Amino acid sequence: MLEVTSLFAGYGGRPVLEEVTVRIEKGRLVGLLGANNAGKSTFIHTLSGVVPAMSGRIVFEGEDITTLSPQARVERGIIQVPEGRLVFPDMTIRENLLLGGQHKLARPKRSQRIDEVLELLPRLKERLEQKAGTLSGGEQQMLAIGRGLVAGPKLLMLDEPSLGLAPKFVQYIFEIIEKLHREGLTVLLVEQNLNLTLRHASYCYVLERGRVEVEGASSIVRDDPRTKKAYLGL
Amino acid sequence: MSEILQALAQGFLVGSTYGMLALGMGLVYSVSGIVNFAHGDFVLLGMYLCFALASAFALDPYVSIFITLPTMMAVGGAVYYFLIRPIAGHHLLMVIQLTLGVSLLVQNGLLMSFGGQFHRAPSMLESKLWLLGPVVVRVPQVISAAASFSIAIGLFILLRSTDIGRSIRAVHQNARAAALMGIDVGKVRMLTFAAGIGLLAIAAALLVPGTPMHPSMGLRYTAITLIVVVLGGMTNFVGIMLAGLVIGISESLGTIYLSDTLGMILPYAIFVIIMLFRPQGLLKSA
């Protein structure tokens with residue numbers, strides 16, 4: 001579904017990512033691991049098109065999308081749930097969900113998808129008219145995922161969904177992700193939380209200083225000494 | 001007693017127009033973080049467009065809106081695209097300098113084209129008066145106030161309940177997140193700037209009947225607009241309309257009860273006093 005080949009990307013002419021090659025098969029839940037500053041967020045932003053690729057190719061469903069605008073990528077179903085949630089704090093939950101589906105391909109199915117999201121995340125349903133800024137971190141993460149789902153994702157990319165959440169919320173969020181995956185959604189899970197990601201993802205990549213250090217089935221990645229090294233920075 | 005009623009009515013009518021002038025500035029600020037110091041000069045540009053159309057085709061200012069509105073929106077879009085966009089994101093002072101430059105450009109352009117004497121573009125309704133009990137009001141000012149409030153309400157509904165309105169608010173609250181929703185942030189900013197200048201075309205047409213125009217008046221409109229926007233809390237549109245009324249009423253009370261010149265100073269004095277105690281504006285910013 002997604003093939004990234006020899007990708008270089010970064011800010012101000014300096015590459016953060018060097019020669020990153022990643023493949024995501026349709027229907028898989030793929031993990032992207034790495035310590036802080038390993039380039040995980042840069043990678044996901046390059047897929048979303050908000051950070052330009054310097055060289056390399058990004059192919060999504062057979063189409064070269066390397067130079068497409070962020071809007072065009074959203075319309076193709078490449079949806080990011082950003083780090084830190086980035087919900088719109090002065091808007092209600094309903095408005096946040098509406099914004100998720102405001103691009104022109106999502107609009108016809110928007111209200112139906114909002115109903116589905118509210119069924120999946122009943123906590124949001126009770127608070128539809130509440131401002132997103134007044135929600136707890138866990139509720140905001142639910143909203144950010146819900147907002148992404150309204151957009152009609154083919155590939156859902158979650159950037160650090162567990163960041164700063166209480167353990168019971170982390171568990172709940174991962175159950176939701178697992179459920180979406182079982183229903184057939186392709187998911188790219190970018191996480192710092194090693195064990196949690198290895199438990200849910202079938203295939204993982206480990207980034208270290210902008211390069212893919214380890215890749216493989218999660219059981220193999222777990223036992224590879226380089227994984228630990230990438231984390232501890234030894 | 002009738003004197004104070006007259007002053008209040010007059011201030012209310014003038015103030016609602018100030019509010020509308022400020023809505024355009026507040027809208028642009030909320031989406032792009034740009035304070036446009038050429039704001040008042042664009043009002044003058046709109047007024048002179050009315051004047052030109054009145055002299056050439058004898059068009060009533062109210063009718064010429066249909067020409068000046070799209071023209072000014074195009075001008076606004078072009079100014080944003082070619083001048084502001086390339087330096088947006090740079091230091092705030094650079095953007096301010098740029099808009100000051102545009103201000104001088106427009107002002108002197110008008111001076112070159114129309115000369116330094118006062119001009120008027122009369123309307124059919126110009127000399128019509130309404131008597132409401134002891135209060136006499138000029139019909140063009142009533143039209144202007146009614147239009148200002150309708151536009152404010154329209155804008156409120158647009159921002160609250162439409163996709164384009166939600167996109168504008170999303171860009172205001174978090175431009176990066178908005179881009180991730182598939183919103184074309186650059187396009188939203190350009191359209192908002194164009195709409196902000198377009199609002200001035202309407203404001204200009206409403207001001208023209210009964211207001212003689214001179215190229216140097218732009219700065220005064222910019223100053224009044226700025227204090228209304230700041231008083232209103234920059235991005236709170238209800239606050240901005242309210243602030244417009246406060247300034248308008250204090251100006252008219254000042255001119256009646258103090259001398260002419262002192263009266264014109266009163267709004268600024270009130271502005272300073274309010275800012276001392278409520279630096280965040282009259283209403284909390286939303």
Side-chain angles (χ1 to χ4, degrees), chain A residues 41 44-45 47-52 68-92 94-108 110-111 129 131-133 140 143-144 146-153 156-159, chain B residues 26-33 81 85-91 155-192 232-240 280-286:
Chain A
S41 288
I44 215 170
H45 282 321
L47 293 185
S48 280
V50 291
V51 171
L68 285 187
S69 70
Q71 299 82 255
R73 298 185 201 208
V74 168
E75 283 168 10
R76 278 162 183 71
I78 305 175
I79 307 299
Q80 181 187 151
V81 178
E83 180 181 349
R85 279 87 71 174
L86 304 190
V87 295
F88 300 105
D90 286 335
M91 291 198 229
T92 63
R94 183 195 297 280
E95 289 175 316
N96 269 276
L97 292 173
L98 283 168
L99 269 166
Q102 69 84 50
H103 71 86
K104 62 173 179 284
L105 295 182
R107 254 180 247 177
R110 179 160 61 176
S111 51
E129 303 305 328
K131 290 262 168 78
Q140 287 191 12
L143 176 56
R147 187 179 63 176
L149 291 174
V150 178
L156 188 69
M157 309 186 292
L158 299 130
D159 195 353
Chain B
L27 193 62
V28 168
Y29 176 80
S30 72
V31 184
S32 314
Y81 191 82
R85 192 183 51 109
I87 67 158
H90 284 76
H91 198 282
L155 203 58
F156 189 77
I157 293 170
L158 177 97
L159 288 172
R160 263 310 108 187
S161 342
T162 67
D163 274 312
I164 179 73
R166 272 190 293 270
S167 299
I168 289 173
R169 283 156 64 213
V171 171
H172 164 54
Q173 290 177 28
N174 194 320
R176 164 163 263 177
L180 293 177
M181 302 297 109
I183 293 169
D184 186 339
V185 174
K187 198 168 112 190
V188 167
R189 286 190 169 144
M190 186 167 88
L191 282 177
T192 318
M234 298 308 285
T235 57
N236 184 318
F237 296 122
V238 179
I240 286 176
Q280 70 275 44
L282 284 174
L283 300 179
K284 201 176 138 286
S285 190

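Keep in mind that what you see is a predicted model, and the values were worked out from it rather than measured. The sequence lines fix the lettering, A, B, ..., with proteins before strands; numbering per chain opens at 1.
With sequence neighbours excluded, no residue satisfies salt bridge (charged side-chain N to carboxylate O under 4.0 Å, His left out) with R176(B). Taking the salt bridge (charged side-chain N to carboxylate O under 4.0 Å, His left out) definition, one finds that R85(B) meets it with nothing, sequence neighbours left out.
Residue R73(A) does not touch chain B at all, counting heavy-atom pairs closer than 4.5 Å. For chain A, the nearby parts of S167(B) are the backbone and the side chain; heavy atoms of each come within less than 4.5 Å. Neither the backbone nor the side chain of R85(A) comes within contact range of chain B; no heavy atoms are under 4.5 Å apart. Heavy atoms closer than 4.5 Å to chain B are found nowhere in E75(A), neither backbone nor side chain. Contact of R110(A) with chain B is made through the side chain alone, with heavy-atom distances under 4.5 Å.
Across every non-hydrogen atom of F88(A) and A178(B), the tightest pair is CZ-N, 3.8 Å. Scanning both residues, A179(B) and P70(A), for their nearest heavy atoms gives O-CB, 4.1 Å. Of all heavy-atom pairs between I183(B) and Q71(A), the closest is O-OE1, 3.7 Å.
Counting non-hydrogen atoms of other residues, nucleotides and ligands closer than 6.0 Å to CZ of F237(B) gives a total above 12.
A 4.5 Å side-chain heavy-atom check between D90(A) and H172(B) finds every atom pair outside the cut-off. Side-chain contact between L180(B) and S48(A): present, with at least one pair of heavy atoms (C-beta onward) separated by less than 4.5 Å.
Counting heavy-atom pairs closer than 4.5 Å to chain B, the top residue among G101(A), G100(A), A106(A), P89(A) is P89(A). Among M91(A), H103(A), R147(A), the residue making the largest number of heavy-atom pairs under 4.5 Å with chain B is M91(A).
Going from atom CE of M181(B) over to atom CG of L86(A) covers 8.0 Å, rounded to the nearest 0.5 Å. Separation of atoms CZ (R166(B)) and CG (L99(A)) is listed at 6.5 Å; rounding is to 0.5 Å. To the nearest 0.5 Å, the span separating NZ on K104(A) from CG on D163(B) amounts to 13.0 Å.
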